[in-house]
Amino acid sequence: MKQPSGYGFLIDKTLKKLQSIYLYAFKDNGIDLTIEQWAILHRIYELGDEASQTEITKTNYRNRATTSRVISGLVKKELLVKGRFKGDSKRFKLTITAKGQKIIAIVEPIMYRLRAVGVTDINQKEYDNFISVLDKIWNNCESYQQSTY
């Protein structure tokens, strides 16, 4: 393979564009959330009654301090309640409030619409190849990191 050049820049550039249109859509719809807050709120929604701060930290590719800060911001905005699991005083249970459920109902269709914009004129094979390449890059970097650090 020809020596790659700048794919990290292209990934970063694309991510920044995606974040920009998502934030514009949030602002346009009166949603006071950051991308990180949305990602964590939606992940908690997906996990349902089993959502714990530990699980969110493991699955969102952010460090524990950042995850804790974002969750605290969501609690402050009254979108989440932080409690304990019954019989397990070590793990924090995260529950979405009625206000948080309303935000999800507003934002989820916006996110699906924006994701569709991103894949316009990309066929299924191209998309599958794209995902495969990203997974390979991730795995290569993960292997390198584990062998180096």
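- Across every non-hydrogen atom of Gln53 and Ile71, the tightest pair is CG-CD1, 3.6 Å.
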| said: Run the side chain to side chain contact (heavy atoms under 4.5 Å, CB included) test on Leu33 and Leu79 for me, step by step, so that the C-alpha distance in whole Å, both residues' side-chain angles and the decisive distance to 0.1 Å come before the verdict. | reply: CA-CA 10 Å; Leu33 285 178; Leu79 303 177; 3.7 Å; yes
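- You'll find the side chain of Asp49 reaches within 4.5 Å of the side chain of Lys93, heavy atoms only.
- Residues Ile31 and Leu114 share a hydrophobic cluster, clusters being chains of Ile/Leu/Val/Met/Phe/Trp/Tyr side chains in contact below 4.5 Å.
- For the residue pair Met111 and Phe26, the shortest heavy atom distance occurs at SD-CE2, 3.9 Å.
- Between Asp32 and Lys77, some side-chain heavy-atom pair lies under the 4.5 Å cut-off.
- Between Arg69 and Glu36, at least one side-chain nitrogen of the basic residue sits less than 4.0 Å from a carboxylate oxygen of the acidic one, meeting the salt-bridge criterion.
- Between the CD1 atom of Ile40 and the OG1 atom of Thr34 there is a distance of 8.0 Å, given to the nearest 0.5 Å.
- Linking Ile, Leu, Val, Met, Phe, Trp and Tyr residues whenever their side-chain heavy atoms come within less than 4.5 Å leaves Tyr61 and Leu15 in two separate clusters.
- Under the 3.5 Å distance criterion, the side-chain polar atoms of Asp12 are left unmatched by any main-chain donor or acceptor of Gly8.
- Here OG1 of Thr67 is found 12.0 Å from CZ of Arg43. Values are rounded to the nearest 0.5 Å.
- Between the Thr14 side chain and the Leu10 main chain, a donor and an acceptor come within less than 3.5 Å of each other.
- Between Tyr22 and Trp38, the closest side-chain pair of non-hydrogen atoms is not below 4.5 Å.
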| request: Carefully, step by step, assess Ile11 and Leu134 under the rule side chain to side chain contact (heavy atoms under 4.5 Å, CB included). | output: CA-CA 9 Å; Ile11 291 170; Leu134 288 177; 4.1 Å; yes
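- Here the shortest heavy-atom pairing between Ile96 and Gln101 reads CG2-N, 3.4 Å.
- Side-chain contact between Ile35 and Leu18 is absent, with no heavy atoms from C-beta onward closer than 4.5 Å.
- Within 6.0 Å of NZ on Lys82 lie more than 12 heavy atoms contributed by other residues, nucleotides or ligands.
- When all heavy atoms of Phe85 and Ala51 are compared, the closest pair comes out as CZ-O, 3.6 Å.
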| said: Between Ile110 and Arg113, does the side chain to side chain contact (heavy atoms under 4.5 Å, CB included) criterion hold? Intermediate values first, please. | reply: CA-CA 5 Å; Ile110 294 167; Arg113 189 176 70 246; 4.1 Å; yes
| query | Do Val119 and Tyr127 pass the side chain to side chain contact (heavy atoms under 4.5 Å, CB included) test, and can you show the C-alpha distance, the side-chain angles, and the key distance before you say yes or no? | reply | CA-CA 8 Å; Val119 296; Tyr127 183 78; 3.9 Å; yes
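- For the pair Asn63 and Thr66, the tightest heavy-atom approach, listed with the atom from each and the gap, is OD1-N, 2.7 Å.
- Here the CG-CG distance, from Leu94 to Leu47, works out to 9.0 Å after rounding to the nearest 0.5 Å.
- Taking CD1 of Ile44 as the reference point, atom NE2 of His42 lies at 11.5 Å (rounded to 0.5 Å).
- Here the side chains of Val133 and Trp138 are not in contact, with every heavy-atom distance at 4.5 Å or above.
- With rounding to the nearest 0.5 Å, the separation of CD in Gln19 from NZ in Lys16 is 6.5 Å.
- Checking side-chain atoms of Asn29 against main-chain N and O of Ala25 turns up a donor-acceptor pair under 3.5 Å.
- Clustering ILVMFWY residues whenever any of their side-chain heavy atoms sit less than 4.5 angstrom apart, transitively, puts Phe130 in the very cluster that holds Tyr7.
- Grouping the Ile, Leu, Val, Met, Phe, Trp and Tyr side chains by contacts below 4.5 angstrom, directly or via other members, places Phe92 apart from Leu80.
- A donor-acceptor pair under 3.5 Å links the side-chain atoms of Thr59 to the main chain of Glu55, judged by distance alone.
- Other residues, nucleotides and ligands place more than 12 heavy atoms under 6.0 Å from the CZ atom of Arg91.
- Atom CD of Glu78 is separated from atom NZ of Lys76 by 11.0 Å, given to the nearest 0.5 angstrom.
- Considering only heavy atoms from C-beta on, Glu142 comes within 4.5 Å of Gln145 through its side chain.
- A donor-acceptor pair under 3.5 Å is formed between the side chain of Glu126 and the backbone N or O of Asn123.
- Not a single donor-acceptor pair under 3.5 Å links the side chain of Ser143 to the backbone N or O of Asn140.
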